[in-house]
Asker: 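One structure follows; several queries about it will come next.
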Amino acid sequence: MMWLYYAVGSALFAGATAILAKVGIRKTDSDLATALRTIVVLICACLMVHMVGSYEGIYLIGRRTWIFLILSGLATGASWLCYFRALQLSEVNKVAPVDKMSTVLTMLLAMIFLGEAVTRYKIIAMILIALGTVLMTSGAGKSRKSGNRSWLLYAVLAAVFASLSAILGKIGIDGVESNLGTAIRTVVVLILSWLIVFARGKHRQFQNITFRSGIYICLSGVTTGLSWLCYYRALQMGEASVVVPIDKLSIVVTVVFSSLFLNEYLSKKAFAGLTFIVAGTIFLLL
């Protein structure tokens, strides 16, 4: 059951990430913030690779594994860019539930492409998680930018890319030490994010980043790095259709922190949705 501890750790760090990132990107372009925090994530990943001494394993990685690791990294980068743009456009309590729809999609893809078992508990879990997501999205507090619905498109895209990343990552890390796999994928994300920053000329906004925003962006990178290391270790040890939903319980941490530190309102309807998501995750452990 060691995979369970890693999955829970991933959820805790991921939940903190959303809040730290939200504060950091209030006055900073989301693409530039993503590129900067990815540097921190890569440093964390490389430190872990050095600590466990798995860097020599890079010479043993086959062509097929390289392809899936790179594809997984590209999907992750796209998910991050969309997710943090959505966070910049709307409230955390609105964006996070939509992003968690990647849970249901990942479970379906894992059953189809990875041959993971279809059980009645998983079916019930998917229904509960989907219903909870809908309730949370429709019951979240009204944003000052509620008239701008573009955040929803970015949040949906983030969920789709996150799901693809999980499946590709599950295939790609087969036979690869989890920390090394995480570091390789992070390099891909770093390259993708900085290419977008320079292509759009957003690197010129670097001088406009305040010290406070920079600190929060870096902290969100640290928590992301820790979350990733736990998450991909759990994926390597357990089934993707179970690991991913547990990781997505980070929404509980996110909701609590958003209420405490961002003063975001959670209605009774949204709370009911959160309860359904938690219940659906518990069903996966039965």
Side-chain angles (χ1 to χ4, degrees), residues 10 13-14 17-18 20-22 24-25 28-46 48-49 61 65-89 95-96 98-102 105-106 109 150-151 153-173 176 178-203 205-206 217-218 220-232 235 240 244 247-248 250:
S10 174
F13 289 123
T17 294
L20 292 169
K22 175 66 176 180
I25 62 178
T28 305
D29 177 79
S30 60
D31 291 341
L32 180 57
T34 300
L36 290 172
R37 61 191 296 280
T38 304
I39 296 175
V40 181
V41 177
L42 180 59
I43 293 174
C44 293
C46 289
M48 286 303 299
V49 169
I61 300 176
T65 300
W66 270 112
I67 291 174
F68 279 103
L69 280 173
I70 292 173
L71 289 175
S72 178
L74 291 173
T76 299
S79 177
W80 277 11
L81 291 167
C82 291
Y83 181 63
F84 290 106
R85 179 57 177 164
L87 275 181
Q88 195 169 48
L89 294 172
V95 177
V98 180
D99 177 64
K100 301 314 174 192
M101 277 301 292
S102 62
L105 182 56
T106 299
L109 293 177
S150 60
W151 70 267
L153 174 61
Y154 284 110
V156 170
L157 288 175
V160 172
F161 285 124
S163 179
L164 290 175
S165 176
I167 298 301
L168 292 169
K170 177 65 176 179
I171 299 173
I173 61 177
V176 180
S178 61
N179 295 301
L180 178 60
T182 298
I184 294 172
R185 295 171 68 259
T186 308
V187 171
V188 177
V189 176
L190 183 66
I191 294 172
L192 174 64
S193 58
W194 278 105
L195 282 175
I196 291 177
V197 166
F198 279 101
R200 296 181 176 178
K202 294 182 177 181
H203 59 284
Q205 300 180 30
F206 181 81
I217 290 172
C218 290
S220 71
V222 172
T223 53
T224 297
L226 293 173
S227 177
W228 265 28
L229 293 171
C230 291
Y231 179 60
Y232 284 97
L235 265 184
V244 173
D247 172 70
K248 296 306 181 182
S250 60

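None of the values given here were measured: they were computed from a predicted structure.
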Asker: To the closest 0.5 Å, what do you measure between CG (Leu74) and CG (Leu69)?
Answerer: 11.0 Å
Asker: Has Ser220 got a side-chain atom pairing as donor or acceptor with Ile217's backbone, closer than 3.5 angstrom?
Answerer: yes
Asker: Quick one: closest heavy-atom pair of Leu105 and Val160, and the distance?
Answerer: CD2-CA, 4.1 Å
Asker: Please report the interatomic distance CG(Leu71) to CD1(Ile167), rounded to the nearest 0.5 Å.
Answerer: 13.5 Å
Asker: Shortest non-hydrogen contact from Ala86 to Val95?
Answerer: O-CG2, 3.4 Å
Asker: Is the shortest heavy-atom distance from the side chain of Asp29 to the side chain of Arg200 under 4.5 Å?
Answerer: no
Asker: Check step by step if side-chain contact (heavy atoms from CB on, under 4.5 Å) holds for Trp194 and Ile39.
Answerer: CA-CA 10 Å; Trp194 278 105; Ile39 296 175; 3.9 Å; yes
Asker: Tell me the closest heavy-atom pair linking Ala78 and Leu192, and the distance in Å.
Answerer: N-CD2, 3.8 Å
Asker: Is Ser72 reaching over with its side chain to a backbone N or O of Phe68, donor-acceptor style, under 3.5 angstrom?
Answerer: no
Asker: Where do Val197 and His203 come nearest, in terms of heavy atoms and distance?
Answerer: CG1-N, 3.5 Å
Asker: Can you tell me which residue pairs pass the side chain to side chain donor-acceptor pair (under 3.5 Å) test with a partner in residues 73-86, sequence neighbours excluded?
Answerer: Thr76-Ser165, Thr76-Arg185, Arg85-Gln88
Asker: Has Ser163 got a side-chain atom pairing as donor or acceptor with Thr106's backbone, closer than 3.5 angstrom?
Answerer: yes
Asker: For Thr182, is there any backbone N or O sitting under 3.5 Å from a side-chain donor or acceptor partner on Thr186?
Answerer: yes
Asker: Can you find a pair of side-chain heavy atoms, one from Leu180 and one from Ile61, that are under 4.5 Å apart?
Answerer: yes
Asker: If I compare all heavy atoms of Val40 with all of Gly221, which pair ends up nearest, and what's the gap?
Answerer: CG1-C, 3.8 Å
Asker: To the nearest 0.5 Å, what is the distance between OG (Ser30) and CZ (Phe84)?
Answerer: 9.5 Å
Asker: How far apart are the closest heavy atoms of Leu89 and Ser150, and which atoms are they?
Answerer: CD1-OG, 3.3 Å
Asker: How far does CG of Leu157 sit from CG of Leu81, to the nearest 0.5 angstrom?
Answerer: 11.0 Å
Asker: Would you compute the distance between atom SG of Cys218 and atom CG of Leu20 and round it to the nearest 0.5 angstrom?
Answerer: 11.0 Å
Asker: Can you tell me how far apart CD1 (Ile25) and CG (Leu32) are? Round to the nearest 0.5 Å.
Answerer: 11.5 Å
Asker: Between the main-chain N or O of Phe13 and the side-chain N or O of Thr17, is there a donor-acceptor pair closer than 3.5 Å?
Answerer: yes
